[in-house]
Participant: 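Okay, here's the structure, questions in a sec.
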Amino acid sequence: MSFTAAQSILAANNRGRPDPGAVLVAEDLLWPDRPSVPCPAGVLLEGELRRRGVRAGRGPLHAEADRGAVALRSVFRAGDHTAGLGAAITGSPSPELTERVCGAMAACLSAAGTARTVLLAAPRSFCAGVERAIEIVERLLAQRGGPVYVRKQIVHNVHVVRDLECRGAVFVDELSEVPPGAAVVFSAHGVSPAVRTEAKRRRLEVVDATCPLVTKVHTEARRFAARGDTVILIGHAGHEEVEGTLGEAPRRMVLVQSAEEARKLEVPDPQRVSYLTQTTLSVDETAEVVEALRRRFPALRGPASDDICYATTNRQDALKAIAAESDVVLVVGSKNSSNSVRLVELSRRAGTPAHLIDGPPDLRPEWLIDAKVVGLTAGASAPPRLVNAVIAAMGGLGPVKVEERETSRETIHFTLPATVRS
Ligand code: SF4
């Protein structure tokens, strides 16, 4: 493909209009007389450019192109293969734009040429509750076609949501946005009884994708409240799961977010107190909060088995196994994913810098400059393919050896609701 054709990719990205200020990032560097050079780290360069306020798109780039454009390229050894980085600025770039593109290239090249080991945590990525929730929406789409309405994000991951949107799912914040009589899916995080009542009032067909382990906590909330306890929910204010659980017994439940809050808590009858937790909390921090509650209320009762779910616990254990050996830890997950954010915090508490990335474009080359060992994991709502994409992008900067550290094996699988089972 010629450079002119490559420029047309940018035009295509700009809905057919020429985009003179845009930058083409090479997916491959092409020469007329020798083999092309792949540029797996182009996705990192694209991210770096966007952070510098530059519009960028990826496509093949003719390495000798210079007609009406500024082209930058670099080819280097990445272990047993050759990799490249390249960018071309279309039109007549301003000095500021040229400087930003050069800066982004320099940032990527500063992390290139180093051999790295990736310590891959296992388990990581999708849990059984997330797989079930996604499959429910997929099956509804296959059975009925779009639109399929989903209340809130089905799971907290931008890629999952975008992918399902492209296939016909419509994500709404309120049930009032769902046409009367239509089917609506409740997300994996669960809903309060008030939302169920509202769905009934609007005659909506509910397909419930609430994770069974969240449902367990709801059941406990009702049981503990029914025996006359003040039910303390340990969790984060505003999280959908917390809002749903608190809704089970709003007059009897109180939210506690930290050990500090636990120490100051007042309840009507200290002899009748129980606690529950959000499913995706830090195991260690929650133990501190429970300990503080126990000291304040010696009669405190808890759930028969931990509310922090197996997937959260396993991913934290796996992270602990790699963090100490890593120079930096990358956690693939979205910002609103509670269990992903906890993994970042856990690594930092262990003394290893950690970063939450939604995918390869968020990975800043500067984080890799002195990193010979990179810990890599993903929160329970992050698709496994993103982990592979991060490894592939790093492989574009230098040789990467992947070592998986498995701390437990997950075999849990939840059955689907009858509506979508056939
Ligand atoms: Fe269920 Fe735990 Fe997965 Fe949440 S993280 S969906 S509670 S298994």
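As a basis for the values below, the full set of heavy atoms in this structure was taken, side chains included, without hydrogen atoms, waters or symmetry mates. Indexing begins at 1, ligand by ligand and atom by atom, following the structure's order. All values derive from a computational prediction rather than experimental measurement.
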Participant: Of all the atoms in Cys309, is at least one N, O or S atom closer to atom 2 (Fe) of ligand 1 than 2.8 Å?
Facilitator: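 Yes, since at least one N, O or S atom of Cys309 sits under 2.8 Å from atom 2 (Fe) of ligand 1.
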
Participant: Going by the angle between their ring planes, with limits at 30° and 60°, are His156 and His239 parallel, tilted or perpendicular?
Facilitator: perpendicular

Participant: Can you list the ligand 1 atoms lying under 4.0 Å from a non-hydrogen atom of Tyr310?
Facilitator: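 Numbered from 1, ligand 1 contributes 8 (S).
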
Participant: If you have a sec, work out which protein heavy atom is nearest atom 7 (S) of ligand 1 and how many Å separate them, to one decimal?
Facilitator: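 Looking at atom 7 (S) of ligand 1, the protein heavy atom closest to it is Thr279 OG1, 3.4 Å.
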
Participant: Assess, by modelled atom type and distance only, whether the side chains of Ser282 and Glu345 contain a donor and an acceptor separated by less than 3.5 Å.
Facilitator: no

Participant: Whether the Arg201 and Thr197 side chains hold a donor-acceptor pair (N or O, under 3.5 Å, no angle test) is what I'd like checked.
Facilitator: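 Absent: no donor and acceptor within the cut-off.
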
Participant: Side chains of Arg77 and Thr82: do they bring a donor and an acceptor to under 3.5 Å?
Facilitator: yes

Participant: If you measure from OG1 on Thr313 to CG on Asn339, what distance do you get to the nearest 0.5 Å?
Facilitator: 10.5 Å

Participant: Taking 2.8 Å as the cut-off, does Cys211 contribute an N, O or S atom near atom 1 (Fe) of ligand 1, distance below it?
Facilitator: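 Checking Cys211: at least one N, O or S atom is under 2.8 Å.
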
Participant: Can you tell me the protein heavy atom closest to atom 3 (Fe) of ligand 1 and the distance?
Facilitator: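 Closest protein heavy atom to atom 3 (Fe) of ligand 1: Cys127 SG, 2.2 Å.
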
